[in-house]
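Below you'll find the structure, written out as C-alpha coordinates, and then a few comments.
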Amino acid sequence: MKKDPMKTTSLDELTDKYIGKKGTPKRDSFENELRLDLLGEAIKQARKERNLTQEQLGKLIGVQKAQISKIENSLTDARFETILKVFKALNAKINFNIELLDQKVNIA
(Lines give C-alpha, C1' and ligand atoms only; values in the text may rest on other atoms or scores of the structure.)
Protein backbone atom coordinates (compact mmCIF):
# COMPACT_ATOMS: atom_id res chain seq x y z
CA MET A 1 0.00 0.00 0.00
CA LYS A 2 1.41 3.36 -1.05
CA LYS A 3 1.42 6.16 1.51
CA ASP A 4 0.51 9.68 0.52
CA PRO A 5 3.23 12.24 1.20
CA MET A 6 2.75 14.18 4.40
CA LYS A 7 1.44 17.70 3.84
CA THR A 8 3.36 20.37 5.66
CA THR A 9 1.85 23.62 6.84
CA SER A 10 3.83 26.75 7.62
CA LEU A 11 3.49 28.67 10.86
CA ASP A 12 2.18 31.64 8.88
CA GLU A 13 -0.56 29.46 7.34
CA LEU A 14 -1.59 28.14 10.75
CA THR A 15 -1.57 31.61 12.28
CA ASP A 16 -3.68 32.94 9.40
CA LYS A 17 -6.15 30.09 9.86
CA TYR A 18 -6.51 30.14 13.65
CA ILE A 19 -5.67 33.72 14.64
CA GLY A 20 -6.56 35.69 11.53
CA LYS A 21 -4.88 37.28 8.54
CA LYS A 22 -2.29 40.03 8.97
CA GLY A 23 -3.92 43.41 9.44
CA THR A 24 -7.01 42.10 11.22
CA PRO A 25 -7.64 43.35 14.77
CA LYS A 26 -7.36 39.85 16.27
CA ARG A 27 -4.02 39.20 14.52
CA ASP A 28 -2.66 42.63 15.47
CA SER A 29 -3.58 41.99 19.11
CA PHE A 30 -1.96 38.54 19.00
CA GLU A 31 1.28 39.89 17.51
CA ASN A 32 1.40 42.75 20.03
CA GLU A 33 1.05 40.29 22.93
CA LEU A 34 3.74 38.10 21.42
CA ARG A 35 6.13 41.05 21.19
CA LEU A 36 5.44 41.93 24.84
CA ASP A 37 6.11 38.33 25.85
CA LEU A 38 9.42 38.36 23.99
CA LEU A 39 10.40 41.68 25.55
CA GLY A 40 9.63 40.39 29.04
CA GLU A 41 11.62 37.23 28.42
CA ALA A 42 14.59 39.26 27.11
CA ILE A 43 14.56 41.38 30.26
CA LYS A 44 14.37 38.31 32.48
CA GLN A 45 17.28 36.61 30.70
CA ALA A 46 19.45 39.74 30.82
CA ARG A 47 18.66 40.23 34.52
CA LYS A 48 19.66 36.64 35.31
CA GLU A 49 22.85 36.92 33.25
CA ARG A 50 23.76 39.95 35.39
CA ASN A 51 23.01 37.90 38.53
CA LEU A 52 20.39 40.37 39.71
CA THR A 53 17.18 39.62 41.55
CA GLN A 54 13.97 41.37 40.55
CA GLU A 55 14.25 43.39 43.76
CA GLN A 56 17.81 44.51 42.97
CA LEU A 57 16.86 45.53 39.43
CA GLY A 58 13.85 47.40 40.76
CA LYS A 59 16.04 49.35 43.18
CA LEU A 60 18.42 50.28 40.35
CA ILE A 61 15.61 51.95 38.40
CA GLY A 62 13.40 53.10 41.26
CA VAL A 63 10.47 50.68 41.06
CA GLN A 64 9.17 47.86 43.25
CA LYS A 65 10.05 44.21 42.68
CA ALA A 66 6.41 43.62 41.70
CA GLN A 67 6.77 46.01 38.74
CA ILE A 68 9.80 44.08 37.44
CA SER A 69 7.85 40.83 37.82
CA LYS A 70 4.92 42.26 35.88
CA ILE A 71 7.20 43.47 33.08
CA GLU A 72 8.96 40.10 32.83
CA ASN A 73 5.65 38.25 32.77
CA SER A 74 3.96 40.68 30.36
CA LEU A 75 1.27 41.50 32.91
CA THR A 76 1.50 45.25 32.47
CA ASP A 77 1.89 47.83 29.77
CA ALA A 78 5.01 49.40 31.19
CA ARG A 79 5.90 52.88 30.13
CA PHE A 80 8.50 53.11 27.40
CA GLU A 81 10.65 55.19 29.75
CA THR A 82 10.63 52.36 32.32
CA ILE A 83 11.67 49.78 29.73
CA LEU A 84 14.56 52.02 28.65
CA LYS A 85 15.64 52.40 32.31
CA VAL A 86 15.57 48.61 32.73
CA PHE A 87 17.84 48.01 29.75
CA LYS A 88 20.17 50.83 30.82
CA ALA A 89 20.45 49.33 34.31
CA LEU A 90 21.20 45.95 32.71
CA ASN A 91 23.86 47.60 30.54
CA ALA A 92 22.11 46.18 27.50
CA LYS A 93 22.07 47.60 24.00
CA ILE A 94 18.63 47.76 22.43
CA ASN A 95 17.61 48.13 18.81
CA PHE A 96 14.22 49.06 17.44
CA ASN A 97 12.98 48.34 13.97
CA ILE A 98 10.37 50.59 12.48
CA GLU A 99 8.35 49.34 9.55
CA LEU A 100 6.29 51.83 7.62
CA LEU A 101 3.01 50.41 6.42
CA ASP A 102 1.62 51.09 2.97
CA GLN A 103 -0.49 54.02 4.00
CA LYS A 104 -0.72 57.46 2.53
CA VAL A 105 0.03 60.32 4.85
CA ASN A 106 -1.70 63.58 3.99
CA ILE A 107 -0.15 66.74 5.31
CA ALA A 108 -2.43 69.74 5.21
Side-chain angles (χ1 to χ4, degrees):
M1 183 156 101
K2 187 177 178 183
K3 291 185 179 183
D4 291 330
M6 184 181 287
K7 182 183 184 296
T8 58
T9 305
S10 73
L11 178 59
D12 284 336
E13 290 172 324
L14 290 173
T15 306
D16 286 349
K17 181 176 180 179
Y18 293 104
I19 306 297
K21 300 255 185 219
K22 285 187 178 188
T24 61
K26 187 174 179 182
R27 177 71 173 261
D28 289 346
S29 176
F30 169 79
E31 289 180 354
N32 187 45
E33 286 180 37
L34 180 59
R35 282 188 286 275
L36 290 175
D37 286 345
L38 294 173
L39 181 64
E41 187 59 34
I43 290 170
K44 185 178 196 175
Q45 283 183 319
R47 175 182 59 78
K48 287 183 174 186
E49 285 177 20
R50 299 287 193 248
N51 295 313
L52 292 171
T53 65
Q54 289 177 339
E55 185 173 0
Q56 290 168 325
L57 179 56
K59 284 181 181 178
L60 285 172
I61 65 166
V63 300
Q64 298 291 317
K65 172 190 177 221
Q67 180 69 12
I68 300 299
S69 177
K70 287 177 182 178
I71 291 170
E72 288 183 355
N73 293 298
S74 305
L75 299 176
T76 185
D77 289 335
R79 292 176 42 201
F80 188 68
E81 179 183 349
T82 303
I83 298 298
L84 291 177
K85 284 181 183 179
V86 166
F87 282 114
K88 186 174 181 180
L90 293 170
N91 196 28
K93 180 180 177 183
I94 53 175
N95 294 306
F96 291 96
N97 293 320
I98 298 172
E99 180 180 336
L100 297 177
L101 304 175
D102 292 335
Q103 295 177 344
K104 281 189 172 181
V105 177
N106 294 321
I107 299 176

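These values consider heavy atoms only, across backbone and side chains, with no hydrogens, waters or symmetry-generated copies.
A 6.0 Å sphere centred on CD of Gln56 holds more than 12 heavy atoms belonging to other residues, nucleotides or ligands.
In this structure, the side chain of Thr15 engages the main chain of Leu11 through a donor-acceptor pair within 3.5 Å. No donor-acceptor distance shorter than 3.5 angstrom exists from the side chain of Ser74 to the backbone of Gly40, with no hydrogens or angles considered.
Going from atom OG1 of Thr8 over to atom CE of Met6 covers 9.5 Å, rounded to the nearest 0.5 Å. Here the CG atom belonging to Leu39 is positioned 10.5 Å from the CD atom belonging to Glu41, to the nearest 0.5 angstrom. Atom NZ in Lys17 sits 15.0 Å away from atom CG in Asp12 (nearest 0.5 Å). Here the straight-line distance linking atom NZ of Lys59 with atom OG1 of Thr53 works out to 8.0 Å at 0.5 Å rounding. Note that CG of Asp28 is 12.0 Å distant from CD1 of Ile19, once rounded to the nearest 0.5 Å. Between the CZ atom in Arg79 and the CD atom in Gln67 there is a gap of 10.0 Å [rounded to 0.5 Å].
In the hydrophobic clustering of this structure, Ile71 groups with Ile94; members are Ile, Leu, Val, Met, Phe, Trp, Tyr whose side-chain heavy atoms approach within less than 4.5 Å, directly or through other members. There is no path of hydrophobic side-chain contacts, each under 4.5 Å, that joins Leu75 to Leu34. Hydrophobic cluster membership is shared by Phe80 and Val63, with clusters built from Ile, Leu, Val, Met, Phe, Trp and Tyr side chains linked at under 4.5 angstrom. Neither Ile83 nor Leu36 shares a network with the other; the hydrophobic side chains, linked directly or stepwise wherever heavy atoms of I, L, V, M, F, W or Y lie under 4.5 Å apart, form separate groups for each.
Under the side chain to side chain contact (heavy atoms under 4.5 Å, CB included) criterion, Glu31 pairs with Lys22, Arg27, Arg35, sequence neighbours left out. Listed by chain and residue number, nothing satisfies the side chain to side chain contact (heavy atoms under 4.5 Å, CB included) test with Lys88 (two or more places apart in sequence, or in another chain).
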Could you tabulate the donor-acceptor pairs under 3.5 Å formed by side-chain atoms of residues 42-51, not counting sequence neighbours?
residue	atom	partner	partner atom	Å
Arg47	NE	Glu72	OE2	2.5
Arg47	NH1	Leu52	O	2.8
Arg47	NH2	Glu72	OE1	3.1
Arg47	NH2	Glu72	OE2	3.4
Arg50	NE	Leu90	O	2.7
Arg50	NH2	Leu90	O	3.0
Arg50	NH2	Asn91	O	3.0

